[in-house]
Amino acid sequence: MLASLAASFPARPLPRIGVGVLIAVALGLLIALPLGLDNYYMRLATTVLMYCVLAWSWNFIGGFVGYPSFGIAAFFGFGAYAGAILLSAKIIPFWLSPILAAAGCFAVAVVIGMPILRLRGHYFAVASLGLGEVFRELAMSWTALTGGGMGINLPPMRPAFGTEAQTFYYAMLILALVTLGTTIVVARSRLGVAFRCIRQNEEAANMIGIDATRSKIIAFAFSAALPGAAGAIYASWVGYIDPSDVFDILNSVKAPVMVLLGGTGTIFGPAIGALIYLVFEEFVTHHLLQFHAGMLGIIIVALVLFMPHGLLETLRRRKQGQA
Amino acid sequence: MLRLTNVSAGYGQIQVVRDVSLDVGEQEIVCLIGSNGAGKTTLLRAISGIAPFCVGTIEFNGEDLSDLPGHEIVTRGIAHVPEGRRLFRTMSIRDNLLMGAFRRRSASEIKHNLDRVYHLFPRLAERRDQAAGTLSGGEQQMCAIGRGLMSEPKLILIDELSLGLAPQVVDNLAKTLLHIRDLGISILLVEQDVEIAFELASRGFLLDSGQITVVGTTAELAENPQIKLAYIGA
């Protein structure tokens with residue numbers, strides 16, 4: 001019966017018929033996409049997949065559990081550095097770097113999560129924000145390992161087949177699918193039910209026998225490991241990383257903005273948000289470059305004022321209102 | 001079945017409850033009365049393992065619960081119905097009740113307990129699909145008690161049964177508590193309304209500034225001059 005409860009939660013159940021076909025078509029399109037794209041669009045496609053990973057990752061702790069984290073940049077950067085250091089030491093192949101980065105981030109998040117997840121609401125937000133800055137300072141000053149402000153050049157990759165751009169596209173695609181898969185499994189599991197209970201009322205969650213601390217740490221670790229893997233792929237993709245790039249605080253802000261755009265705590269909301277955000281970002285960098293950050297601020301304000309529940313929820317409510 | 005020996009509890013540096021000893025027997029309703037800020041809620045939180053600090057021994061059916069975390073206490077057979085109900089507001093009544101069974105695995109057992117709650121509170125059955133946040137205060141209290149029952153407890157801690165409820169509603173809830181006791185479940189009731197508390201409970205404890213000052217059967221307590229003066233106003 002709890003299983004049915006879990007199943008009754010995930011966002012809006014899609015109609016059964018056609019879902020299989022829809023998934024097959026979508027997958028086919030995603031796999032075939034690189035064949036029809038030039039370099040510019042390949043870059044955009046890879047970026048949107050990366051944004052999807054960041055948004056879905058944030059959704060675990062920020063959406064399902066309701067703890068607003070600004071720690072995405074910290075783990076994205078950590079993963080990027082982990083991957084870059086291991087790859088430039090030439091001790092592992094490319095495909096292993098995101099896996100090791102994810103494992104490292106998971107472990108670090110568990111250790112850091114124990115103290116900072118005791119904090120609630122904006123206290124937790126501030127602590128998680130500080131995390132990225134601490135990591136950035138570490139990367140800056142631990143010159144022997146990280147190259148400090150000089151950054152790290154990664155060895156060029158010779159893909160076994162296809163072009164480099166295609167390799168990174170597919171790597172990001174696989175990671176995005178893993179992230180989506182994790183999201184769906186978690187949303188339908190007892191753990192997902194526990195997450196939602198904590199969001200609604202943490203104390204009551206404890207009283208009915210949910211180990212809230214453990215659940216929160218798991219959510220935080222998921223939302224650290226997956227951006228870590230994305231960071232490792234990103235590092236190889238761009239070929240050169242430095243602290244101010246990969247620990248860019250903007251990544252910590254983008255992730256929640258994308259999720260809020262799409263819909264918090266839903267399964268497909270974050271991906272829709274990521275797509276909208278990327279289109280918007282491209283538009284702004286082409287036409288209003290100097291005012292890029294300002295525009296981000298404007299979207300945040302507009303979001304909070306007009307669509308506090310995200311696009312999906314707003315559309316659904318509008319539809320319900322009409323019906 | 002529940003025995004507290006020299007329990008002190010509180011928050012960080014602040015000790016709210018000092019050296020409390022208290023016991024609840026099988027199939028018994030015991031009330032804990034006292035003024036605002038006396039430490040009643042803190043004591044319940046200490047029993048269910050969610051008070052930030054707690055020393056002394058809390059024994060339940062022969063097992064020492066003192067060092068168990070809150071989420072484990074539920075599995076030992078103690079349910080906590082918190083002050084202010086603390087429901088999952090956007091979830092339906094049915095889902096709230098099912099959440100109470102979070103630590104129970106057997107589907108048939110959960111179904112059985114759900115039917116039991118619906119039987120005790122027909123009102124909840126009628127509104128099972130309604131969001132908990134939209135219920136009246138009395139219905140919310142029913143839902144909170146129901147959620148507690150879903151974990152199949154042997155003891156329920158109820159914090160402020162009558163808070164903010166109309167007298168008629170409280171009377172109905174009180175009758176249901178007697179039914180629950182007759183099912184073999186003990187109740188430790190924290191209650192501001194001494195009249196209701198004495199009507200329901202067989203024994204009572206008066207908590208005053210964090211310490212138990214008066215103990216006895218409710219008949220004795222009703223005659224106690226200190227209680228009469230402070231709580232009954234006669």
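Numbers restart at 1 for each chain; the letters A, B, ... are given by sequence-line order, proteins then strands. In what follows, every heavy atom counts, from backbone to side chain, and hydrogens, waters and symmetry copies are set aside.
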OH/A:Y123: more than 12 non-hydrogen atoms of other groups inside 6.0 Å: no
Shortest non-hydrogen contact from A:N201 toward B:F88: O-CE2, 3.8 Å
Contact origin within B:I73 toward chain A - heavy atom pairs under 4.5 Å: neither
Shortest non-hydrogen contact from A:Q200 toward B:R89: OE1-N, 3.0 Å
Interatomic spacing from CZ in A:R196 to CE in B:M99 - rounded to 0.5 Å: 10.5 Å
Atom CZ of B:R116: over 12 foreign heavy atoms under 6.0 Å: yes
Other residues, nucleotides, ligands: >12 heavy atoms within 6.0 Å of B:R76 CZ: yes
Chain B contact via A:A212 - which portion, at a heavy-atom distance below 4.5 Å: neither
Minimal non-hydrogen separation, B:R103 against A:G209, with atom names: NH1-O, 2.9 Å
NE2 on B:H71 to CG on A:N206, rounded to 0.5 Å: 7.0 Å
Contact summary for A:M207 and B:V74, nearest pair of heavy atoms: O-CG2, 2.9 Å
Between CD1 on residue A:I208 and CZ on residue B:R104, distance to nearest 0.5 Å: 13.5 Å
By ring-ring contact (aromatic ring centres under 6.0 Å, His included) - contacts of B:F205 (at least two apart): none
Side chain, backbone, both or neither of B:R85 within contact of chain A (heavy atoms, under 4.5 Å): neither
Top contributor to chain A interface from B:R86, B:R147, B:M150 [non-hydrogen pairs under 4.5 Å]: B:R86
Closest non-hydrogen atom pair between A:V193 and B:F102, with its separation: CG1-CE1, 4.3 Å
Chain A contact via B:T90 - side chain, backbone, both or neither, heavy atoms under 4.5 Å: both
Verdict with reasoning, A:E203 to B:H80, per side chain to side chain contact (heavy atoms under 4.5 Å, CB included): CA-CA 11 Å; A:E203 192 170 277; B:H80 190 153; over 6 Å; no
